[in-house]
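Here's the structure we're looking at; comments come further down.
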Amino acid sequence: MTSFSIGETDFLRAGRPHRVIAGALHYFRIHPDQWQDRIRKARLMGLNTIETYVAWNAHEPRRGEWDASGWNDLGRFLDLIQAEGMDAIVRPGPYICAEWHNGGLPNWLTAGERELRSSEPTYLADVSEYLRRVYEIVAPRQIDRGGSVVLVQIENEYGAYGSDKAYLEALVALTRESGITVPLTTVDQPTDQMLADGSLPELHKTGSFGSRSAERLATLRTHQPTGPLMCSEFWDGWFDWWGGVHHTTDVAAAANDLDELLAAGASVNIYMFHGGTNFGLTNGANHKGRYLPIVTSYDYDAPLDEAGDPTAKFFAFRDVIAKYAPVPDERPESAAPSPAFSVPLAPAGAWTDAAASAPVTDAPATFDELEHLSALVRYDVELPDRQGGRLVLDEVRDLGWVSVDGQRVGTLSRTRHDRVLRIPAGRTLSILVEEQGRVNYDHRLGEEKGLIGSPTLDGVPLTGWRSTPLDVAEIAAEIAARPAHGVADASDGPAGPSAWVADFDLDSPANLFLDTASWSKGFAFVNGFFLGRYWHNGPQRTLFVPAPATSPGTNRLVVLELEHLLDPTADFVSALALGDTEE
């Protein structure tokens with residue numbers, strides 16, 4: 001068996017000085033049938049290690065319902081890394097940030113008032129149970145047991161959140177008790193306070209940054225006086241949010257920053273090597289005074305794009321790495337253009353009109369009170385004396401479509417800080433609320449979603465609410481089974497939310513790019529696979545359809561539109577279209 005340890009100046013692999021040249025791949029953002037392809041391409045760029053977070057809420061969305069199969073088969077992912085002759089770094093959190101919803105923490109964990117990311121006993125008990133399950137997978141796959149895992153990280157950029165040393169000590173103890181024998185690390189941005197607060201003396205400190213390497217490494221060295229220097233999050237791009245631009249970094253500048261880092265003798269983990277996709281409803285959100293949900297694509301302007309194809313950055317980084325480490329002669333092949341074609345969409349009826357079945361409550365029930373994990377809740381209330389007036393909400397989280405007697409009268413957006421809307425007289429007020437992504441960092445972790453507080457009409461509380469959860473995946477599956485009507489005219493669709501279906505044929509499975517520019521806002525599925533959210537708010541225009549989600553012969557697309565289609569057509573284009581960039 002091979003050993004891996006930390007020496008006075010270097011990582012030691014089998015007792016010899018070793019530089020870690022790693023790249024981040026998140027197994028939960030990549031179709032499992034494409035894991036091997038992405039790992040192989042990492043090796044071809046010159047990487048010797050793959051790093052991944054572990055997303056607790058992907059493995060245990062409901063308390064006690066643990067899943068480590070299929071998309072969540074972390075063991076298989078680590079085995080594929082080893083089969084490629086590479087090492088692995090595991091970052092189990094429990095908090096991961098990663099622009100992933102709720103920072104990776106399950107909704108059931110963060111509901112309530114207990115202190116998160118702390119040594120609070122009930123929180124720590126749940127975290128311990130989770131980590132034991134992860135380590136049951138990781139421990140037998142450590143390098144000193146013949147596996148691929150060489151490092152395990154404790155928490156994640158904890159110095160930016162808190163300084164509870166008892167919490168970190170408990171995580172370390174639990175990790176060691178669970179059979180983890182490889183070196184343990186922490187990561188923080190290279191400021192004195194964050195590095196001091198986010199680690200313990202026995203943990204090897206690493207930094208997270210994307211430029212000014214010499215300066216940042218010098219700061220790190222003052223806090224980690226011995227052992228190898230490592231940037232374990234070398235930011236080579238950035239993420240996008242709805243209503244913004246597509247973020248890119250200059251290829252030459254990013255390569256120069258990597259060169260500076262490696263020239264200093266440091267180890268590195270490139271974040272991201274391949275970003276992948278926030279499939280389904282897994283995107284997180286930012287909130288620094290304004291709520292900004294993350295888009296479906298997690299392309300990150302990485303060396304492999306969202307579809308897993310090498311970019312100019314791939315080859316620029318490969319050339320830099322070749323100056324410091326062996327790089328395979330083989331290069332990945334350029335991807336052929338994906339099939340481009342259009343098919344008409346046929347209307348399949350309304351889809352948010354499920355009968356209200358929840359009990360009547362004085363105030364609207366939140367998503368959390370309903371234990372609802374999908375994207376939508378419809379709130380209905382009878383208007384007293386059928387009156388209209390000034391509707392005031394404490395807060396909508398995150399976007400609400402307001403209707404009276406089935407007629408749309410406006411929207412209320414958290415991003416715009418909307419709280420007030422004048423509504424006409426009528427019998428029934430309905431507010432369809434979309435949870436657009438849970439904030440993935442800082443003290444907004446675990447905040448409730450839905451209509452918050454008690455709405456009023458002309459200053460008088462509205463009571464008698466029915467809160468109806470709508471599971472978009474279940475609705476899409478039911479619609480996929482319906483016969484589609486052969487009408488392709490947006491004017492024939494119902495007013496308000498409408499479902500649409502299209503069938504298309506393929507000779508063989510293929511990566512596809514679904515152009516959503518002529519649609520407004522909603523969700524899309526292919527053969528039951530949940531591609532994610534689309535929104536004309538941009539910047540993202542295409543949804544990535546991984547080849548394993550398609551099949552030879554007939555494939556079915558289901559679109560759940562929340563507003564209206566500008567054109568009832570599904571256009572598949574030949575390449576990604578992620579939006580305008582800053583000039």
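Rounding to the nearest 0.5 Å gives a distance of 11.5 Å between OG1 of Thr468 and CG of Leu376. The structure places CG of Asp405 at 7.5 Å from CG of Leu383, a figure rounded to the nearest 0.5 Å. Taken to the nearest 0.5 Å, the NE2 atom of His101 stands 13.0 Å off from the CD1 atom of Ile294. Distance CG/Leu560 to CD1/Ile479: 5.0 Å, rounded to 0.5 Å.
A perpendicular orientation is assigned to the rings of Trp238 and Trp235, their planes being inclined by more than 60° (bins at 30° and 60°).
If you check the side chains of Tyr167 and Glu155, you find a donor sitting under 3.5 Å from an acceptor. With no hydrogens or angles considered, no side-chain donor-acceptor pair links Asp571 and Thr569 at under 3.5 Å. A donor atom on one side chain and an acceptor atom on the other are found under 3.5 Å apart for Thr110 and Asn102. No side-chain N or O of Glu60 forms a donor-acceptor pair with one of Trp108 less than 3.5 Å apart. Between Ser297 and Gln540, the side chains place no donor N or O within less than 3.5 Å of an acceptor N or O (distance only, hydrogens not considered). Remark: the Ser498 side chain and the Trp500 side chain contain an N/O donor-acceptor pair separated by less than 3.5 Å.
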TODO: For side chain to side chain donor-acceptor pair (under 3.5 Å), just list the numbers for Thr463 and Asp362, CA-CA rounded to whole Å, side-chain angles, deciding distance to a tenth of an Å, and then say yes or no.
DONE: CA-CA 4 Å; Thr463 59; Asp362 285 343; 5.0 Å; no
Open item on the list: Set out, in order, the CA-CA distance, both residues' side-chain angles and the distance that settles side-chain contact (heavy atoms from CB on, under 4.5 Å) for Ile89 and Thr185, then state yes or no.
Closed with: CA-CA 10 Å; Ile89 298 171; Thr185 65; 5.8 Å; no
TODO: Evaluate the side-chain contact (heavy atoms from CB on, under 4.5 Å) criterion for residues Thr277 and Arg29: first the C-alpha distance (whole Å), next the side-chain angles of each, then the deciding distance (0.1 Å), finally the verdict.
DONE: CA-CA 5 Å; Thr277 308; Arg29 281 184 159 124; 5.7 Å; no
Open item on the list: Run the salt bridge (Lys or Arg N to Asp or Glu O under 4.0 Å) test on Asp126 and Arg63 for me, step by step, so that the C-alpha distance in whole Å, both residues' side-chain angles and the decisive distance to 0.1 Å come before the verdict.
Closed with: CA-CA 9 Å; Asp126 286 330; Arg63 183 189 287 272; 2.9 Å; yes
Open item on the list: Between Asn57 and Asn107, is the side-chain contact (heavy atoms from CB on, under 4.5 Å) condition met? List the steps.
Closed with: CA-CA 8 Å; Asn57 52 12; Asn107 295 358; 5.5 Å; no
TODO: Before giving the answer on side chain to side chain donor-acceptor pair (under 3.5 Å), spell out for Glu51 and Ser232 the whole-Å C-alpha distance, their side-chain angles and the decisive distance to 0.1 Å.
DONE: CA-CA 9 Å; Glu51 175 270 313; Ser232 57; over 6 Å; no
Task: Criterion ring pair (Phe, Tyr, Trp, His ring centres under 6.0 Å) on Tyr271 and His26, from CA distance to verdict - done: CA-CA 10 Å; Tyr271 189 101; His26 298 157; 5.7 Å; yes
Open item on the list: Working note: Glu136 + Arg132, criterion salt bridge (Lys or Arg N to Asp or Glu O under 4.0 Å); need CA distance, chi angles, decisive distance, verdict.
Closed with: CA-CA 6 Å; Glu136 286 174 3; Arg132 288 188 186 99; over 6 Å; no
Open item on the list: Please determine whether side-chain contact (heavy atoms from CB on, under 4.5 Å) holds for the pair Ile475 and Val558, giving the CA-CA distance in whole Å, both sets of side-chain angles, and the decisive distance to 0.1 Å.
Closed with: CA-CA 10 Å; Ile475 292 169; Val558 173; over 6 Å; no
TODO: Kindly indicate, with the supporting measurements, whether the criterion side chain to side chain donor-acceptor pair (under 3.5 Å) is fulfilled by Glu563 and Trp401.
DONE: CA-CA 9 Å; Glu563 296 179 348; Trp401 291 265; 2.9 Å; yes
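Side-chain atoms of His59 and Val134, non-hydrogen and from C-beta on, never get closer than 4.5 Å to each other. Counting heavy atoms from C-beta on, the side chains of Glu99 and Asp240 never come closer than 4.5 Å. Using a 4.5 Å heavy-atom threshold, the side chains of His536 and Leu566 count as separate. You'll find the side chain of Val472 reaches within 4.5 Å of the side chain of Leu281, heavy atoms only. Proximity of Asp301 to Leu578: side-chain heavy atoms (C-beta onward) are nowhere separated by under 4.5 Å. Glu395 is not listed as a side-chain neighbour of Glu447, based on a closest heavy-atom distance of 4.5 Å or more. Between Val295 and Asn278, every side-chain heavy-atom pair lies at or beyond the 4.5 Å cut-off. Side-chain contact between Arg76 and Pro32 is present, with heavy atoms from C-beta onward closer than 4.5 Å.
Val559 pairs with exactly one of Phe523, Phe525, Trp519 by the side-chain contact (heavy atoms from CB on, under 4.5 Å) rule, that one being Trp519. Under the ring pair (Phe, Tyr, Trp, His ring centres under 6.0 Å) test applied with Trp71, the options Tyr27, Phe28, Phe279 reduce to a single match, Phe279. Residue Tyr158 is tested with Thr186, Asp164, Val187 for a side-chain contact (heavy atoms from CB on, under 4.5 Å); the sole match is Asp164. None of Tyr135, Trp56, Tyr53 except one satisfies the side-chain contact (heavy atoms from CB on, under 4.5 Å) rule with Pro92; the exception is Tyr135.
Formation of a donor-acceptor pair under 3.5 Å by the His247 side chain with backbone atoms of Phe239 is found in this model. Here the side chain of Asn527 pairs a donor or acceptor atom with the backbone of Arg556 at under 3.5 angstrom. Arg397 contributes no side-chain N or O that, together with a main-chain N or O of Glu435, makes up a donor-acceptor pair within less than 3.5 Å. Between the side chain of Asp398 and the backbone N or O of Gln436, at least one donor-acceptor pair lies under 3.5 Å. Arg38 places no side-chain N or O within donor-acceptor distance of the main-chain N or O of Ile30, the cut-off being under 3.5 Å. At distances below 3.5 Å, not a single donor-acceptor pair connects side-chain atoms of Ser467 with backbone N or O atoms of Tyr379. A distance-only check finds no donor-acceptor pair linking the side chain of Ser199 to the backbone of Leu195 [under 3.5 Å]. A distance-only check finds a donor-acceptor pair linking the side chain of Arg378 to the backbone of Ala354 [under 3.5 Å]. Remark: side-chain polar atoms of Glu120 are paired, donor with acceptor, to backbone N or O of Tyr123 under 3.5 angstrom. In this structure a side-chain-to-backbone donor-acceptor pair under 3.5 Å is present from Asp458 to Arg390.
More than 12 heavy atoms of other residues, nucleotides or ligands sit less than 6.0 Å from atom CZ of Arg416. By the neighbour-count criterion of 12 heavy atoms within 6.0 Å, atom CD of Glu478 is densely surrounded, having more than that number from other residues, nucleotides or ligands. More than 12 non-hydrogen atoms from other residues, nucleotides or ligands lie less than 6.0 angstrom from CD of Glu169. Remark: Arg541 CZ is loosely packed, at most 12 non-hydrogen atoms of other residues, nucleotides or ligands lying under 6.0 Å away. Heavy-atom contacts from other residues, nucleotides or ligands closer than 6.0 Å to CG of Asp442 number more than 12.
Of all non-hydrogen atoms in Thr366 and Leu451, the two that sit nearest each other are CG2-O, 4.2 Å. Looking at every heavy atom in both residues, Arg466 comes nearest to Ala358 through NH1-O, 2.8 Å. Closest non-hydrogen pair, Ser454 versus Asp394, comes out as N-OD2, 3.7 Å.
Listed by first and then second residue, the ring-ring contact (aromatic ring centres under 6.0 Å, His included) pairs that reach into residues 413-453 are Tyr161-His443, sequence neighbours excluded.
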